Amino acid sequence: MEYNFREIESKWKKFWAENQTFKTEDNSDKPKFYVLDMFPYPSGAGLHVGHPLGYIASDIYARYKRLTGHNVLHPMGYDSFGLPAEQYAIQTGQHPVITTEDNIARYREQLDNVGFSFDWSREVRTSSPEYYKWTQWIFAQLFDCYYDYKTNKAERISKLISTFEQDGNGNVNACADCEVIFTAEDWNTYSPKEKEDILQTYRLAFLADSWVNWCPKLGTVLANDEIINGVSERGGHPVEQKLMRQWSMRIKAYAERLLTGLDTLDWTDSVKDIQRNWIGKSTGCSLFFPLWRGNEGEEITYSQDNIEVFTTRPDTVFGVSFVVLAPEHPLVEEITTAEYKDAVEAYKKAASLKTERDRQSDVKNITGQFTGGYVLHPFTNEKVQIWIGDYVLASYGTGAVMAVPCGDQRDWDFANHFNLEIKNIFENIDISESAYAEKSGKIANSDFLSGLEIKEAMKIAIEEIEKRGLGKGKTNYRLRDAVFSRQRYWGEPFPVYYKNGIPTIIETQHLPIILPEVEKYLPTEDGEPPLGNAKTWAWDTIKNTVVSNELIDNVSVFPLELNTMPGWAGSSWYFLRYMDANNESEFVNKEKADYWKSVDLYIGGSEHATGHLLYARFWNMFLFDQGYISFPEPFQKMINQGMILGRSSFVYRTLEGNTIVTASKKNEYNTIPLHVDISLVDNDKLNIEGFKQWRSDYADAEFILEDDGTYVCGFEVEKMSKSKFNVQTPDELVEKFGADTLRMYEMFLGPIEQAKPWDTKGINGVSNFLRKFWRLFHQGADYAFEITESEPTKDALKTLHKTIQKVTADLERFSFNTGVSNFMIACNELSDQKCNNRQILSDLVVLLSPYAPHICEELWMKLGNEAGSINKATYPKFNEAYLVSDSFSYPISFNGKVRIKVDLPSSMNAKEIEDHVMGMAELNKYLEGKQPKKLIVVPGRIVNIVV
RNA sequence: GCCCAGGUGGCGGAAUUGGUAGACGCGCUGGAUUCAAAAUCCAGUUCCGCGAGGAGUGUGGGUUCGAUUCCCACCCUGGGUACCA
């Protein structure tokens, strides 16, 4: 039989499903291995060829690990809460549950088409109540914990309360926004509401007022990238900054551990660096500049004594020549003198009109305004001017900087622009043209710091600042706490009700709190989130169930939270659920989590570096702190697959009319490019009749063709998208070439981590390879299965073992593209050798099975093995003895350029080789009568003659 | 600006420690087979040159017997980030 991929592939897909071939047990004598893909959001568009790239790679690796004796966990699921289903519901009224189910069914069909070895018995869906019950539970745990810097982990809030009751909060060292210091006596007099307000400033999941991008027209908060030019991306409605009471996550508490934990992970430097930058640690100190209170007899009083600045360069404190506040700084109004009032007001107004984006992009334009106020230099007591300038941000540090023009370019520019003093405190450094920002060299003109190396001076300066009580060593992080509320319908409801304004958690045994039915998915008319439309959305604390809103009496029935959780809630712990996907009493059984531990190989896109990958680490660390799991980091090794780009095709239409010009002649006319559907283009040649049908408005168009009478399209590589008509679905290719070919071709395209254009041109090559591979087992015109049982030849053994060695090494370093090449080489060599030896081919089938599982399963059975058992086969063992050859073809190079080759016995040592080479007559041609200066022999590699 | 990754034929890419640059595949050229096509098979294919030969891994320098690989400077592409004090 000729290679019939359709028959073979549908047969084995059915077999694997019926026999649950890839179901994984949670206990085994074998070592465990956890291979995970980033689970997809099931969008309506279905999969395109870019999506399965990572899944194919992880599937190959999972199958390889099974063959090498591992118990492999390789699950799949759906991140099924999300905006598109909700928007579809708003437009059509169809419940997101239905949209989501339909999309998942389509995804499943597409995934099954490719022949993945997922254990579907562990499938998770973040939108199913059985799953989000535990998302709600984790939220409740976070609510019930705070971060203690003394133990450096999350602790129960009850511990904090007992500390408050005994000692107040004076000695508490926790990550908190609490601004008051209170004693035990104070605490005990507080009302329940006052106590809870304080606790909220400590909890890891907490309510706080935060500034959000609010779009009144859409009734929702928008993320920064949902806003284009100050208006909403969707609809183009105005967006304003609004202070809203929102749930947040105190991820800041974990900033340091999220940073240091990176050192233990086997991730690419680029993703680690993205996270490092995002966390943005900077160390330095805070420093207080006392406010100058005016001349004797005319003292001014201020609401505070000092302006606090944060600096990373305390060593340059003697170079301070002015202080700059953010225009929004709360002290600006007080310190501004009558003389400068109008100018300051005007400046503040101008700054407030600029959007954050304008302020950031307009870097070259230096603006600022003197306030008339002064501070005193903390060491020299000199009067220092206070300016405001919008290069200082209210949201970072203390919203105030000490300006050291000689050491910071922005300060230098500012001083230069406004003619302010530029003191030089660096030894032998010229600062007349620009600031000196290097952290090496010596400090000068700086009292007790003079003569010190900069790094040493930093240390001494902080010590001295602390000793004199002028400030404190301090570490700042750029990382912000994460807003956790969304004004959406299609997300996890919070397990929270409001008992007379106090947020109260619903106990675990009453979870899940199921998303209520609503008539409309839009915000309510008075601006409440969509859940405000629900009629049955109140919590009965006696029956412990959700009841009608009409029953709310604020005695035993209370209103429920109307916001839902963000998309990242469910995806921050799904990798744990796979270990125990159907557990009804725990989010994951501890024993099972202890067996599977962290993910050994995680494959997914690097675009999640500052989102999912950070939040998942945060939640995992928290669950670790609380002893629910025993590993602090969730993903040990990660590979980031590159994006597959589409290859768009273009036709060129003349500006004035109905003429379509071929690519090579487009410049002779005045043309514009038009995207054309890639299904109408084969090898850049346009199917003209198809094009006329596709675009009926061009049915009568005139075509200007190439000289050979064809129409050649232009192309461009861009993102795959429907609107560019360059989407290639895996289904079409599976139909045309088979899943095994698609799998191998996607791998063959190039290194997994690299972005690369999709191009089907080369797929024939892989398809040919599989047919050729099939022919190794099938002889003659009628493709009869025929295998010899004899001893394999030396050449065949050499080919086999070379292939084992290379293919295995390729897998270990995730070089799938060279793996495919090596299979091609093996197949070519064995074809040339006319090898159809059982021993050789059996091993080769096992080797190839991770890449092309269907064809290998079929051949494995034909070789007489039990049906569907190739995943239990033994991985072939490499034996170096078969690779040893008795001669080597030495390249002889002259000054590094290879000129001659000579076959010499492998046993020859360097001296023997040298003697033999020096005796060769061919050398004369290249020596041109001269004597060689030097001769280098690297046995087994090369001979180089220096002339 | 700063940080990270990368730059090799007509195209995708290979070269694990400094040792034969261009594996493998596509495409292209020629041939065999065929009534014809598909499929298959054979030969060729970095560039310049009829050839001997010369040049060649973004550019310029360096180290070395020998550099795609190491060092320095620069250019370009992609990603991240940004008046972060």
Side-chain angles (χ1 to χ4, degrees), chain A residues 2 268-278 280-282 284 309-313 316 324 326 359-366 389-393 395-404 407-411 413-414 476-478 606-607 609-610 640 642-643 645 647 683-684 744-745 748-751 753-769 771-772 775 806 809-810 812-813 815 817-825 827-828 831 889-901 932-938 940-947:
Chain A
E2 206 175 339
T268 59
D269 286 338
S270 76
V271 174
K272 285 191 190 183
D273 276 329
I274 292 171
Q275 289 207 348
R276 284 192 189 107
N277 291 337
W278 190 259
K281 180 180 182 173
S282 56
V309 304
F310 173 74
T311 178
T312 56
R313 295 294 303 274
T316 63
V324 188
R359 235 166 108 165
Q360 286 168 10
S361 55
D362 196 11
V363 175
K364 288 185 190 78
N365 227 338
I366 295 157
D390 65 5
Y391 80 97
V392 178
L393 303 177
S395 58
Y396 184 79
T398 60
V401 301
M402 59 177 219
V404 182
D408 181 288
Q409 193 55 46
R410 287 155 308 161
D411 296 346
D413 292 339
F414 196 88
N476 255 342
Y477 297 94
R478 210 184 68 97
S606 57
E607 67 272 20
T610 56
N640 307 111
M643 207 194 327
L645 301 162
R647 190 177 188 275
N683 256 334
D684 289 340
M744 292 197 84
Y745 184 57
F748 189 53
L749 231 39
E753 305 213 59
Q754 191 176 302
K756 45 205 168 283
W758 176 262
D759 197 333
T760 43
K761 267 197 303 191
I763 199 167
N764 295 319
V766 174
S767 173
N768 289 346
F769 157 73
R771 278 204 298 271
K772 195 167 177 179
R775 282 201 306 275
K806 289 199 163 180
D810 287 338
E812 289 297 345
R813 61 192 178 105
S815 178
N817 56 330
T818 53
V820 175
S821 298
N822 283 315
F823 282 116
M824 289 172 168
I825 294 167
C827 186
N828 290 343
S831 292
S889 173
Y890 276 92
I892 313 287
S893 60
F894 292 76
N895 297 330
K897 294 248 174 239
V898 176
R899 302 295 182 190
I900 323 172
K901 284 187 185 174
K933 265 195 211 148
K934 202 171 169 187
L935 190 127
I936 286 118
V937 176
V938 185
R941 289 256 189 226
I942 202 168
V943 177
N944 191 24
I945 299 171
V946 188
V947 187

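In what follows, chains are A, B, ... by sequence order, proteins preceding strands, each numbered from 1. In this text the structure is predicted, and so the values were computed from the model without any measurement.
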Identify the heavy atoms of [X] and [Y] that sit nearest to each other, and give their distance.
| X | Y | answer |
| --- | --- | --- |
| A:Val324 | A:Ala403 | CG2-CB, 4.3 Å |
| A:Val898 | A:Pro891 | CG1-CB, 3.9 Å |
| A:Val309 | A:Thr398 | CA-OG1, 3.3 Å |
| A:Val271 | A:Ser606 | CG2-CB, 3.8 Å |

[X] side-chain proximity, nearest of [options]:
| X | options | result |
| --- | --- | --- |
| A:Val401 | B:G25, B:U16, B:A85 | B:A85 |
| A:Ile942 | B:A85, B:U16, B:U20 | B:U20 |
| A:Ile825 | B:G19, B:A23, B:G25 | B:A23 |

For [N], what is the paired nucleotide under Watson-Crick or G-U wobble rules, both distances under 3.5 Å?
| N | value |
| --- | --- |
| B:G9 | none |
| B:U16 | none |
| B:U57 | none |
| B:G78 | B:C4 |
| B:U63 | none |
| B:G44 | B:C28 |

Fill in: Electrostatic pair A:Asp273-A:Arg276, nearest N-O below 4.0 angstrom
yes
Worksheet entry | Spacing of CE belonging to A:Met402 relative to OG1 belonging to A:Thr311, to within rounding of 0.5 Å | 3.5 Å
Item to complete: Determine the Euclidean distance between corresponding P atoms of B:U57 and B:A43; express it in Å to zero decimal places.
Response: 31 Å
Item to complete: Sticking with atom P, work out how far B:G53 lies from B:G1, rounded to a whole angstrom.
Response: 48 Å
Within the distance-only criterion (no hydrogens, no angle test), does the side chain of [X] pair as donor or acceptor with the backbone N or O of [Y] below 3.5 angstrom?
| X | Y | answer |
| --- | --- | --- |
| A:Lys772 | A:Met824 | no |
| A:Lys761 | A:Asp759 | no |
| A:Tyr890 | A:Gly940 | yes |

Item to complete: Any chance you could list the contact pattern along nucleotides 3-13 of chain B? Use B for base contacts, S for sugar-phosphate-only contacts and - for none, protein heavy atoms under 4.0 Å, 5' to 3'.
Response: SS-------BS
Worksheet item: Reading nucleotides 37-45 of chain B 5' to 3', which nucleotides get B (base under 4.0 Å from a protein heavy atom), which S (sugar-phosphate only), which -?
Response: --SSS----
Rounded distance (Å) that lies between atom [atom2] of [N] and atom [atom1] of [X]:
| X | N | atom1 | atom2 | value |
| --- | --- | --- | --- | --- |
| A:Ile763 | B:G27 | CD1 | P | 12 Å |
| A:Lys806 | B:C24 | NZ | P | 10 Å |
| A:Asn476 | B:C84 | CG | P | 13 Å |
| A:Asn822 | B:A23 | CG | C1' | 9 Å |
| A:Met744 | B:C24 | CE | P | 15 Å |
| A:Asn640 | B:G80 | CG | P | 13 Å |
| A:Arg478 | B:A85 | CZ | P | 11 Å |

Worksheet item: Any side-chain N or O of A:Asn828 under 4.0 Å from OP1/OP2 of B:G25?
Response: yes
Fill in: A:Arg410 vs B:C84: side-chain N/O to OP1/OP2 distance below 4.0 Å
yes
Discussion item. Please classify the nucleic acid contact of A:Val946 as base, sugar-phosphate, or nothing, using heavy-atom distances under 4.0 Å.
Written reply: sugar-phosphate
Worksheet item: For A:Ile274, which contact category applies under a 4.0 Å heavy-atom criterion: base, sugar-phosphate, or nothing?
Response: sugar-phosphate
Discussion item. As a test of the definition: with a 90° window around 0 for syn, would you call B:G9 syn or anti?
Written reply: syn
Worksheet item: When you look at NZ of A:Lys806, are more than 12 heavy atoms from neighbouring residues, nucleotides or ligands closer to it than 6.0 Å?
Response: no
Worksheet entry | Of A:Ile900, A:Asn944, A:Val943, the residue whose pairing with A:Phe894 passes side chain to side chain contact (heavy atoms under 4.5 Å, CB included) | A:Ile900
